[in-house]
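Down below is the structure, laid out as structure tokens.
Predicted model only: the values in this text are computed from it and were never measured. Throughout, residue positions are numbered sequentially from 1 according to the sequence presented.
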Amino acid sequence: MGDVRSLHVPDGLEGERVDSALARLFGLSRGSAADIIAAGDVLLDGAAVATKSERLHAGAWLEVTLPPPPAPPAPVAEPVPGMAVLYEDDDIVVVNKPIGVAAHPTTGWTGPTVLGGLLGAGHTIATSGASERQGIVHRLDANTTGAMVVAKSEVAYSRLKRAFKERRVDKRYQALVQGHPDPFRGTVDAPIDRHPSGDGRFAVVAGGRPSVTHYDTVEAFRAATLLDIDLETGRTHQIRVHMAAIRHPCVGDLLYGADPTLAARLGLRRQWLHAARLGFEHPGSGEYVEFESPYPDDLAQALEIVQAES
């Protein structure tokens, strides 16, 4: 049985196509919205919407039956080349996540995962949480590299999840952004939610989830600036969205408006963003521990070129 949502059409959607309105209201792609309409699962004032191009009227009663989300795939236990272990004990394992690796299996992702890589290499992982996310207490984007901690014991899972939720984890990133942020040190406090286009991007959106990013300049170059970034919150794509919002996107981040010419000159095929340091209270001993991850080759080489050109 699907999830039934009912609401009056807001004034802002007066005259909007039904498929476009569904995409904006429920974070769907236009294609998914069209499929729901074709299945007869969209009612407008009690009558099924006939076509996706039908127009809405403000105040009309909209009833939508959303299909249940597909079940995420189970993790495939397979070692991940290049994923080094920075630290391990009975409670936690800290990895240096390489490019092109997701934290855990998700619908539509067919590439390697941190969880599958650890299981494939024989590591014991906590079984708390959903099966496809067992042991995972935080995530990095698939193309963001760096330090990531995974819980091995059930106690570690519970305590680390709470620490991340209560913002007691020091998450430090380094980002090479285009141009020169003004001021050199500052805070971006802007809510984030899915982009209205439904194309997988996120954006600063009124009414979105509170999101706070602190940044400080490490070194300024002619074309770009290396920033040290402290995340107060941990939203999906947060740094990428906030840097784009202040018109200084991460170098190479074409999804969020980076200059493709600069990315090509630096040999970058993804955003210049790295989880450099991760510090927290050890869930077993209670002592503060901190782990550092060196730059991977592609980011180091791009930084060298930027330095040489300055």
Ignoring hydrogens and angles, write down the donor-acceptor pairs under 3.5 Å from the side chains of residues 155-163, residues two or more places apart or on other chains.
residue	atom	partner	partner atom	Å
S158	OG	R162	NH2	3.4
R159	NH1	P283	O	2.6

Y87, OH atom: more than 12 neighbouring heavy atoms under 6.0 Å: yes
E287: which residues meet the salt bridge (charged side-chain N to carboxylate O under 4.0 Å, His left out) condition with it, sequence neighbours left out? none
[X] side, atom [atom1]; [Y] side, atom [atom2] - distance, nearest 0.5 Å:
X    : Y    : atom1 : atom2 : result
L268 : L262 : CG    : CG    : 8.0 Å
L303 : L226 : CG    : CG    : 6.0 Å
I239 : I229 : CD1   : CD1   : 4.5 Å
N96  : L86  : CG    : CG    : 5.0 Å
H195 : H237 : NE2   : NE2   : 12.5 Å
E304 : E309 : CD    : CD    : 12.0 Å

Pairs touching [range] that satisfy salt bridge (Lys or Arg N to Asp or Glu O under 4.0 Å), sequence neighbours left out:
range            : value
residues 236-258 : D141-R240, R240-D253
residues 40-50   : none
residues 77-87   : none
residues 53-68   : none

Residues R172, D228: salt bridge by 4.0 Å N-O rule: yes
Please determine whether a side-chain nitrogen of the Lys or Arg among K152 and D91 lies less than 4.0 Å from a carboxylate oxygen of the Asp or Glu. no
Side-chain heavy atoms of [X] within contact of [Y], under 4.5 Å:
X    : Y    : answer
V9   : H57  : no
Y295 : H274 : yes
N143 : Q271 : yes
T65  : D3   : no
L176 : T225 : no
L278 : K171 : yes
K52  : V18  : no
V114 : M148 : yes

Write out all pairs satisfying ring-ring contact (aromatic ring centres under 6.0 Å, His included) with one or both partners inside residues 31-54, taking only residues at least two apart or from two chains.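 Every candidate ring-ring contact (aromatic ring centres under 6.0 Å, His included) pair involving residues 31-54 fails, so no pair, neighbours aside, qualifies.
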For L254, the rest of its hydrophobic cluster, which grows through side-chain links under 4.5 angstrom: none
Can you list every side chain to side chain donor-acceptor pair (under 3.5 Å) pair that touches residues 6-15, not counting sequence neighbours? none
Got a sec, which pairs hit side chain to side chain donor-acceptor pair (under 3.5 Å) with one end in residues 115-125, sequence neighbours left out?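 The answer is E88-H123.
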Can you label the angle between the F291 ring and the F280 ring as parallel, tilted or perpendicular, going by 30° and 60°? tilted
Tell me, with the steps shown, if Y215 and H242 meet ring pair (Phe, Tyr, Trp, His ring centres under 6.0 Å). CA-CA 10 Å; Y215 70 87; H242 274 172; over 10 Å; no
Go through the side-chain N and O atoms of Q238 and T213 and say whether any donor and acceptor fall under 3.5 Å apart. yes
Compute whether any side-chain donor of one residue and acceptor of the other, for T113 and H104, lie under 3.5 angstrom apart.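 There is no such pair (donor and acceptor under 3.5 Å, judged by atom type) between the side chains of T113 and H104.
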State whether the side chain of H248 and the backbone N or O of Q178 hold a donor-acceptor pair below 3.5 Å, judged by distance alone.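 A pair under 3.5 Å: yes.
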Considering residues at least two apart in sequence or located in another chain, which fulfil the side chain to side chain contact (heavy atoms under 4.5 Å, CB included) criterion with S32? L28, S29
Please name all residues satisfying side chain to side chain contact (heavy atoms under 4.5 Å, CB included) with E290, sequence neighbours left out, ordered by chain then number.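 Side chain to side chain contact (heavy atoms under 4.5 Å, CB included) list for E290, sorted by chain: D170, R277, Y288, E292.
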Identify the heavy atoms of A224 and V306 that sit nearest to each other, and give their distance.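 Nearest pair, atom of A224 first, then V306: CB-CG1, 4.5 Å.
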Less than 6.0 Å separating the ring centroids of H138 and F164?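 When the ring centroids of H138 and F164 are compared, they turn out to be within the sub-6.0 Å range.
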